[in-house]
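Structure first, commentary second.
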Amino acid sequence: MCPSNYNEQKMNTKQITIIGLGQMGTKLAELLVAKGYTVSVWNRTRAKGDSIAGVKVFEDVEEVVRQSPLIVICVLDYAAVDRVLDHISDKSILGGKTLINFTTADPQEAETLETTLAHINAGYINGAIQVGPDQMGLPETTIIVSGNQDHFQRSWDALAVFGGNIKYLGNRAALASAMDLATLTWLYGSYTGLIHGIVLAQKTGLPLDAFSEILGEITPGFTEFFKHQIGVVEKGDFRVSQSPLSISIAATQRIHHAFRKAGAQEDFVKAISDLLQKAESLGLADQEVAALVKVVG
């Protein structure tokens, strides 16, 4: 949703610098060029910049930063971000500029960079892209951002080029990183469960196309169930509302036993079963399954 005072605060230039030209950085540059932006780029390997039509390639980090009021960084990690900033001998050139960082980080790293940039009067927007390069620039593409609200509003036009579903979480830069890691925790946990489900299907002769079809049909309902469980934790009311934890204790034990009998690797499912049994030992069996948060937290 567009900020209420967007027209007053938006950046009045279409000059942007992109630092880092991996698959995602390259895609960002291409999207901006297609929308008529003047795009200056820098990458550790110049050849990547030379391969992008319509951009201005620079050899020097400090010089490319001077080109634009908005700097987008998309590199491997925060150590790489630090190396980029170390190449800027005159840090004062960042004063008044907006830096959007799409590099994956933990919240503490984001807070440190936010403080560093604030000392030189630079605005920091911490971003988390929730899709792959091929899904960028679409109306449904989700871009999570947080950081200084004024700088967020000024960079709205550019962010909207990257995706149509911009989620601004607030003034603290760390919030986007926290959201990114929280959603990735869910994603990798779900994906690991998917792989284990595939293995169990194969071990027991269940056709994978049937598994795929049923999984697709039940996923929307489970998404609503997950949202309900988040609400349970948010309210702090763990009285049974949809699913007693006791049911899941028995279910996860059955899953563990099935993997053992099938001769499949069982560490992941055992860890889940052990977690539920620990909840039972703490007297949580008669609460909503979301009471697991009391064990993990």
Side-chain angles (χ1 to χ4, degrees), residues 1-3 6-7 9-59 61 63-77 80-81 84 94 97-105 110 122-148 151-169 173 176-177 179-180 183-184 187:
M1 187 172 73
C2 184
Y6 161 70
N7 288 327
Q9 296 291 329
K10 69 176 180 177
M11 191 170 290
N12 59 4
T13 181
K14 297 190 77 171
Q15 292 181 322
I16 293 186
T17 287
I18 304 287
I19 294 176
L21 297 174
Q23 286 184 303
M24 185 60 76
T26 296
K27 184 65 174 183
L28 299 180
E30 291 172 344
L31 288 171
L32 290 166
V33 169
K35 291 294 184 179
Y37 282 78
T38 298
V39 182
S40 302
V41 302
W42 178 89
N43 190 69
R44 191 164 51 90
T45 306
R46 181 191 169 101
K48 289 187 176 181
D50 290 332
S51 69
I52 305 172
V55 302
K56 297 180 178 180
V57 184
F58 286 80
E59 297 273 2
V61 172
E63 188 60 27
V64 80
V65 167
R66 293 180 185 274
Q67 304 305 307
S68 315
L70 177 59
I71 316 298
V72 176
I73 297 183
C74 189
V75 292
L76 178 63
D77 53 28
V81 174
V84 168
L94 288 166
K97 295 181 184 291
T98 301
L99 190 149
I100 300 177
N101 189 15
F102 285 128
T103 304
T104 301
Y124 182 47
I125 300 298
N126 187 26
I129 296 171
Q130 301 295 289
V131 299
D134 288 346
Q135 288 78 49
M136 291 298 295
L138 303 176
E140 64 272 21
T141 299
T142 298
I143 308 290
I144 297 170
V145 293
S146 60
N148 183 281
H151 284 270
F152 163 64
Q153 291 169 338
R154 294 173 195 172
S155 56
W156 174 269
D157 278 350
L159 288 169
V161 171
F162 302 146
N165 188 29
I166 307 299
K167 296 293 187 181
Y168 175 66
L169 300 182
S177 291
M179 178 66 80
D180 190 31
T183 57
L184 286 175
L187 174 64

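The residues of the chain are indexed from 1 along the displayed sequence. Being a predicted model, the structure only gives us computed values, none of them experimental.
- Applying the side chain to side chain contact (heavy atoms under 4.5 Å, CB included) test between Y37 and each of L70, L31, V161, I18 identifies V161 as the sole match.
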Could you please spell out the steps behind the side-chain contact (heavy atoms from CB on, under 4.5 Å) verdict for D180 and I144? CA-CA 8 Å; D180 190 31; I144 297 170; 5.9 Å; no
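- Residues A110 and N126 approach most closely at CB-ND2, 3.5 Å, considering heavy atoms.
- Between the side chain of W42 and the backbone N or O of G20, no donor-acceptor pair lies under 3.5 Å.
- The aromatic rings of F152 and Y168 lie parallel to each other, with less than 30° between the two planes, well short of the 60° mark.
- Put simply, CE on M179 and NZ on K167 are 9.0 Å apart, with the number rounded to the nearest 0.5 Å.
- I125 contributes atom CD1, which lies 5.0 Å from atom OG of S155 (distance to the nearest 0.5 angstrom).
- Residues F162 and T141 have side chains not in contact (no heavy-atom distance under 4.5 Å, counting atoms from C-beta outward).
- V65 and I71 get closest at one heavy-atom pair: O-CD1, 3.7 Å.
- A donor-acceptor pair under 3.5 Å is formed between the side chain of S68 and the backbone N or O of T17.
- Rounding to the nearest 0.5 Å gives a distance of 9.0 Å between OG of S40 and CD of E63.
- For the atom pair T104 OG1 and I129 CD1, the distance stands at 8.5 Å (nearest 0.5 Å).
- Taken to the nearest 0.5 Å, the NZ atom of K97 stands 12.5 Å off from the CZ atom of R154.
- The two atoms that bring C74 and L28 nearest to each other are CB-CD1, 4.5 Å, heavy atoms only.
- Nearest heavy atom pair, residue V55 against residue A29, reads CG1-CB, 4.3 Å.
- A donor-acceptor pair under 3.5 Å links the side-chain atoms of S146 to the main chain of A176, judged by distance alone.
- The local environment of CZ in R46 is crowded, with over 12 non-hydrogen atoms from other residues, nucleotides or ligands closer than 6.0 Å.
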Before giving the answer on side-chain contact (heavy atoms from CB on, under 4.5 Å), spell out for Q67 and F58 the whole-Å C-alpha distance, their side-chain angles and the decisive distance to 0.1 Å. CA-CA 10 Å; Q67 304 305 307; F58 286 80; 3.5 Å; yes
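- By the 6.0 Å contact criterion, CD on Q23 is open, its count of non-hydrogen atoms from other residues, nucleotides or ligands being 12 or less.
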Please determine whether side-chain contact (heavy atoms from CB on, under 4.5 Å) holds for the pair N43 and T26, giving the CA-CA distance in whole Å, both sets of side-chain angles, and the decisive distance to 0.1 Å. CA-CA 10 Å; N43 190 69; T26 296; over 6 Å; no
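- With hydrogens and angles ignored, the 3.5 Å screen pairs a side-chain donor or acceptor of K14 with a backbone N or O of K35.
- Between the CD atom of E140 and the CD atom of Q130 there is a distance of 14.0 Å, given to the nearest 0.5 Å.
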Test side-chain contact (heavy atoms from CB on, under 4.5 Å) applied to M136 and I143, step by step: CA-CA 9 Å; M136 291 298 295; I143 308 290; 3.8 Å; yes
